[in-house]
Amino acid sequence: MKLFCCFVLALSFQTSLVLGSRCQKLESKNCIVLTLAPLDGLSGEISLPDLSGKTSLQIKGGNLTAFGEKLSNQLGSVQKLHLGPLGLREIFLKADLLEVTAADNQIHVVKFGSSTGKYLLEKLDLRRNRLKHLAGFEVLTDLIELQLEDNQLETIDFGVFERMKSLTKLNLGRNHITKLEAIRAINLPNLEYLSFAGNRLAKFNVSMWKFDSLTTWDVSSNDLIYFDGLDVGQQFPSLSTVMLSGNGWHCNWLSDSLKMLGDNSVNVGDKDERNDCEKLEGICCDSLDIFANSGDDKVAAIKNDQEGMREEWSTNLEKIKINQNIKLRELKTLLDELQEKSSISLTPSEPFNAEEFTQLTELAKQLKASIQNELDACESRSTSNEKTVKSLEYTILQLRKLLQREAQKISNLQDLKKISNLQDLEKAYLSG
């Protein structure tokens, strides 16, 4: 009986060594765990191996839904944490970690310590997860690299990044982003690489951005028609390469922007491979002229109305110019009279009429002010009208593309339904 008990205890001890997690090379400062497993193989309780003196932990495999605060507190002196595909849904970020990688999981919750000290994290890689928001990320003020490609982000408030002054790389590619927000001016002096590639952006405003070190900017493969407030020289003075393909740019906006990019020695680093579009320097673009000539009566009618508005504005502008010419001639006459009055010799027989001189001077000032006001108002109206026209064109293109996408979705659903019907018929035929 005693022999049997000893055998069971020995077997139990041997099993715990096999099932428990342990570092592959005990002498190394880098701990590599091939498979994270429960201590007893039954309870499901996970415990990290002894990490005394370790600076790096890499867990390659296993099954773990949450790397929570309890496990994080077992990290000890570990500064770099690399988690493989473990099926993680939650992760807790310990404040003194320098590097965290947890790509290829199912993370949708990132937790931060409420009473911990300043976060020291410099690199965070959460690619190919299920993040839908970045709540709490603003505490990561020492970040240098942030990789969030292939998540489920939809709206990005750039205010979350405004304190990350050391950030050099920000990748938000291949998410579901439709909106970028910036309530305050965002100055990221060290940001060198920025990507929104592969999202669903139709437009955004960059007037609040100041990225002095940005060299590469990727906005390819979105639904972009234009973005507001672009001033490359002032906002992105170091920009050298921009990716623009795979969008639906408005041709007029694209033309102006390509000139601005060229004037600032910025290279367009990609091209559209399609041949069914109008291109400027290899980048596809659309205009109302294309749609107006496509047989769409509604778009053609809008285009005609727009041309009518332009003609009306041109007529009004011409009237203003004629009126200004009349006033300019009146002003010239007054100035001539003033010059004549000022050159008269002051003799007792022909005294200088100071009151008349003052009246003429005041009238000239009024005419000059009136002309300047009309010029300012004309310029303001012209600018406002042009903005209105562009905004109308952008909106029409945006709605048009939205309708095209919805029509494509309907077509895809109809195709799936046809396939389903054919499969039903095939099953019925085979069973009959």
Side-chain angles (χ1 to χ4, degrees), residues 21 23 29-33 36 45-52 54-173 175 188 190-191:
S21 304
C23 302
K29 288 184 176 295
N30 303 318
C31 175
I32 299 176
V33 176
L36 193 65
E45 183 180 351
I46 297 289
S47 181
L48 298 180
D50 181 11
L51 295 172
S52 301
K54 306 295 184 184
T55 59
S56 172
L57 172 62
Q58 180 181 2
I59 302 175
K60 291 190 172 184
N63 188 11
L64 183 66
T65 57
F67 195 95
E69 188 170 3
K70 183 179 178 181
L71 282 178
S72 292
N73 290 335
Q74 298 176 30
L75 290 172
S77 58
V78 168
Q79 294 181 322
K80 297 181 180 181
L81 176 63
H82 299 270
L83 303 174
L86 307 175
L88 286 172
R89 297 179 184 177
E90 296 183 11
I91 186 170
F92 177 87
L93 295 181
K94 192 164 171 272
D96 57 359
L97 287 170
L98 295 180
E99 185 176 318
V100 174
T101 298
D104 298 298
N105 281 282
Q106 302 168 31
I107 297 171
H108 60 90
V109 176
V110 179
K111 294 184 176 181
F112 304 88
S114 57
S115 59
T116 55
K118 181 179 183 296
Y119 270 84
L120 305 178
L121 194 63
E122 296 179 351
K123 295 183 179 181
L124 179 59
D125 182 353
L126 295 177
R127 291 174 292 169
R128 296 181 293 279
N129 278 283
R130 297 183 181 179
L131 290 175
K132 292 188 176 181
H133 59 80
L134 300 179
F137 276 62
E138 61 274 3
V139 302
L140 305 177
T141 54
D142 282 2
L143 271 183
I144 296 175
E145 292 186 13
L146 179 57
Q147 294 179 263
L148 298 172
E149 308 98 287
D150 298 293
N151 276 276
Q152 299 174 8
L153 300 168
E154 295 180 357
T155 298
I156 299 294
D157 178 1
F158 251 71
V160 76
F161 308 118
E162 66 178 327
R163 294 170 58 207
M164 300 179 186
K165 300 303 182 182
S166 300
L167 192 64
T168 62
K169 181 177 182 179
L170 176 57
N171 198 328
L172 297 166
N175 277 272
L188 298 176
N190 292 297
L191 187 65

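- Leu75 is listed as a side-chain neighbour of Phe67, based on a closest heavy-atom distance under 4.5 Å.
- At least one donor-acceptor pair under 3.5 Å links the side chain of Asp50 to the backbone N or O of Ser52.
- Judged purely by atom type and a 3.5 angstrom limit, Asp142 has no side-chain atom pairing as donor or acceptor with the backbone of Leu121.
- In terms of heavy atoms, Ser47 sits closest to Leu71 at CA-CD2, 4.4 Å.
- Under the ring pair (Phe, Tyr, Trp, His ring centres under 6.0 Å) rule, Phe137 has a single partner from Phe112, Phe158, Tyr119, Phe161, which is Phe112.
- Around atom CZ of Arg163, no more than 12 heavy atoms belonging to other residues, nucleotides or ligands sit under 6.0 Å away.
- Contact between Cys23 and Leu51 at its shortest, heavy atoms only, is SG-CD2, 4.3 Å.
- Counting heavy-atom neighbours within 6.0 Å of Lys165 NZ, excluding the residue itself, gives a total above 12.
- Residues Leu131 and Leu126 come closest through the heavy atom pair CD1-CD1, 3.9 Å.
- In this structure, the side chains of Leu124 and Leu143 come closer than 4.5 Å at one or more pairs of heavy atoms.
- Lys60 and Ile32 get closest at one heavy-atom pair: CE-CG2, 3.9 Å.
- Defined by atom type and a distance below 3.5 Å, a donor-acceptor pair is missing between the side-chain atoms of Gln147 and Asn171.
- Across all their heavy atoms, Ser56 and Asn30 have their closest contact at CB-OD1, 3.2 Å.
- A salt bridge does not link Lys111 with Glu69: every distance from a Lys NZ or Arg NE/NH1/NH2 to an Asp or Glu carboxylate oxygen is 4.0 Å or more.
- Put simply, the side chain of Asp125 never gets that close to the backbone of Ala102: no donor and acceptor are under 3.5 Å apart.
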With salt bridge (Lys or Arg N to Asp or Glu O under 4.0 Å) as the test, would you mind laying out the steps for Arg128 and Asp104 before giving the verdict?
CA-CA 5 Å; Arg128 296 181 293 279; Asp104 298 298; 2.5 Å; yes
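- Salt-bridge check for Lys94 with Asp96: passed, with a basic side-chain N closer than 4.0 Å to an acidic carboxylate O.
- Rounded to the nearest 0.5 Å, atoms CD (Gln152) and CZ (Arg130) are 6.5 Å apart.
- Across all their heavy atoms, Thr101 and His82 have their closest contact at OG1-ND1, 3.3 Å.
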